[in-house]
S.K.: 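Right, I'll just put the structure down here and ask away after.
Hydrogens, waters and symmetry mates play no part in the numbers below; they use all other heavy atoms, side chains included. We name chains A, B, ... by the order of the sequence lines, and we start the count at 1 in each one.
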There are 2 protein chains.
Amino acid sequence: MTPGKAAENMQRQPKIRKHVPVWRKADRTSRIYRVAAQIMCRRGYEATSMNEIADAVGLTKAGMYYYIQGKEDLLFKIMSFAMDMVEMDVVAPAREALDAEERLRTLMERHVRRILEVGGAVTILLDEMPSLTAAHQRIIRGRKRVYFDLVRETLEQLASEGKLRAVNPAVAAFSLLGMIIWISRWYHRDGLLSADAVLKDVLEMALNGVLKEVASPRALPPAKATLV
Amino acid sequence: MTPGKAAENMQRQPKIRKHVPVWRKADRTSRIYRVAAQIMCRRGYEATSMNEIADAVGLTKAGMYYYIQGKEDLLFKIMSFAMDMVEMDVVAPAREALDAEERLRTLMERHVRRILEVGGAVTILLDEMPSLTAAHQRIIRGRKRVYFDLVRETLEQLASEGKLRAVNPAVAAFSLLGMIIWISRWYHRDGLLSADAVLKDVLEMALNGVLKEVASPRALPPAKATLV
């Protein structure tokens, strides 16, 4: 069998499933999630069919059922994937920062970067709560809550240190998350604005919006010497 | 016929339509929009049936078709109603302010107040663009654009006056709108936070987030004399 033929078979025949290595499966499922999220955002969740998603990822419908059980299961898995990313790439590194301002900056910076790099569709789908089963809603709501609480507690710590503006830490947490999550609705990677420029501006506004004074970011690469 | 009976008939019989005065119709349609928006947000747009909406507003399905042509038409009308409110209550008063900071404050203050008072459902549905026909999408997108441009131009004016932080005015406009629109997702009128407290905090963060220095708001009632 030629390698091309083998690959074709892997896509077409669900019974090959036991030969797919774990890392390969993780890779492919994450691709299915991203592509499915993009289609669901463009067409609307209800209007999207499993056939369309299978076509877009180059699998038969039967082949796709190796990875997912159905449309609601797919939506739940996309949301779980989004929360996995937030927990691994945003929450875990932020928890390592003992200084509250440093932690807030890490949370904002990493979350914004995630949305800019991964694209907004996965983030937008996190809003599709009514389409989940009640049990799945509880799980996703609980995970969102853990993240929200970390942001709010960080702002409470800043308030107790006298660094927060005179605002309610919960209102501040919602406002910062709103500003960040909304990037998923307006940022286009092929547009005029670079991801770095957007990240810099959003951080500037987010931190100055909630803090009385913003410390210089740590660990910036030293600026090159210039003639003054 | 008793008044109760008459009211019942008005609800049940679409053929009474020609006797409904114009103001009464506007009143009832705005109620239909709000109730429908709440149901659509809770259940999801696709999952909501016209029967459910008719039940909730106390009309027969036939009676409701006096006001609206179908589900997509209803969604378009809810979005148009939302944009009407933004244009009347936010954009028009803001255009009267020649001073850019005053205009920005008016835009933020009035938009936040709108969302807090009307409830978030109508605002959330403005995101339901894929469910509209292409022609309706163009209309709503155009109206959103006009509003966005006013916010961005106001920030550009502030930049030219040296009052804006070192951020791109378009990124700043998206960020402020994100912070504000997101209120529709988290604020509950029966929760712990008063609308006034939320408004004050969001304004504090929004203005300090984008402006180097925030002027005191104009037209505050004079503070009472206190012993110093």
Side-chain angles (χ1 to χ4, degrees), chain A residues 39-48 75 112 115 124 126-132 144 148 155 164-187 191-194 197-214, chain B residues 39-48 75 112 115 124 126-132 144 148 155 164-187 191-194 197-214:
Chain A
I39 298 172
M40 286 174 175
C41 281
R42 197 170 56 235
R43 309 242 307 120
Y45 168 74
E46 289 291 342
T48 304
L75 178 63
V112 173
I115 296 173
I124 291 173
L126 278 172
D127 237 22
E128 195 67 45
M129 296 292 276
S131 302
L132 290 181
K144 286 180 176 177
F148 174 81
L155 292 163
L164 196 74
R165 292 189 185 276
V167 293
N168 179 306
V171 176
F174 282 124
S175 299
L176 291 182
L177 289 174
M179 184 188 271
I180 288 179
I181 291 169
W182 203 248
I183 296 170
S184 63
R185 270 73 170 179
W186 61 264
Y187 182 71
L192 290 172
L193 298 158
S194 77
V198 171
L199 175 63
K200 182 190 82 50
D201 286 2
V202 172
L203 274 183
E204 171 87 3
M205 289 181 281
L207 296 177
N208 281 295
V210 297
L211 299 175
K212 290 177 190 165
E213 264 184 81
V214 177
Chain B
I39 298 172
M40 287 174 175
C41 282
R42 198 169 54 235
R43 309 243 307 120
Y45 168 75
E46 289 291 341
T48 304
L75 178 63
V112 173
I115 295 173
I124 291 173
L126 278 172
D127 237 21
E128 195 68 45
M129 297 291 277
S131 303
L132 290 180
K144 287 180 176 177
F148 174 81
L155 291 163
L164 196 74
R165 292 188 185 278
V167 293
N168 179 303
V171 176
F174 282 124
S175 299
L176 291 181
L177 289 174
M179 184 188 272
I180 289 178
I181 290 169
W182 203 248
I183 296 171
S184 63
R185 269 74 170 180
W186 60 264
Y187 182 71
L192 290 172
L193 298 160
S194 78
V198 171
L199 175 63
K200 181 189 82 47
D201 286 2
V202 172
L203 273 183
E204 171 86 4
M205 290 180 281
L207 296 177
N208 281 296
V210 297
L211 299 175
K212 290 178 189 163
E213 263 184 81
V214 177

S.K.: Who wins among V202(A), L193(A), V198(A) for the most heavy-atom pairs under 4.5 Å with chain B?
M.R.: L193(A)
S.K.: Just wondering, do Y187(B) and V171(A) contact through their side chains at under 4.5 Å, heavy atoms?
M.R.: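 Side chain of V171(A) against side chain of Y187(B), heavy atoms only: no contact under 4.5 Å found.
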S.K.: Looking only at heavy atoms, what is the nearest atom pair of R42(A) and P130(B), with distance?
M.R.: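 What the structure gives for the nearest pair is O-CB, 3.3 Å.
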S.K.: Compare every heavy atom of F174(A) with every heavy atom of W182(B), then report the nearest pair and how far apart it is.
M.R.: CD1-O, 3.7 Å
S.K.: Which bit of A172(A) is near chain B, if near means a heavy-atom gap under 4.5 Å: side chain, backbone, both or neither?
M.R.: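 For A172(A), the contact with chain B is made by backbone and side chain together.
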S.K.: Could you state the interatomic distance from CE (M205(B)) to CG (N208(A)), rounded to the nearest 0.5 Å?
M.R.: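 Interatomic distance, M205(B) CE to N208(A) CG, rounded to 0.5 Å: 13.5 Å.
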S.K.: Is chain B contacted by the side chain of S175(A), its backbone, both, or neither, given a heavy-atom distance below 4.5 Å?
M.R.: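 For S175(A), heavy atoms of backbone and side chain both lie under 4.5 Å from chain B.
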S.K.: Which one, I180(A), V210(A), D127(A), L192(A), leads in non-hydrogen pairs under 4.5 Å with chain B?
M.R.: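 Highest number of heavy-atom pairs under 4.5 Å: D127(A).
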S.K.: If I take atom NZ from residue K200(B) and atom CG from residue N168(A), how far apart are they, to the nearest 0.5 angstrom?
M.R.: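 With rounding to 0.5 Å, NZ (K200(B)) is 9.0 Å from CG (N168(A)).
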S.K.: For chain B, which candidate among E204(A), R165(A), R185(A), M129(A) shows the most heavy-atom pairs at distances under 4.5 Å?
M.R.: R165(A)
S.K.: Please rank L207(A), D201(A), L211(A), I181(A) by heavy-atom pairs under 4.5 Å with chain B and give me the top one.
M.R.: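 The answer is D201(A).
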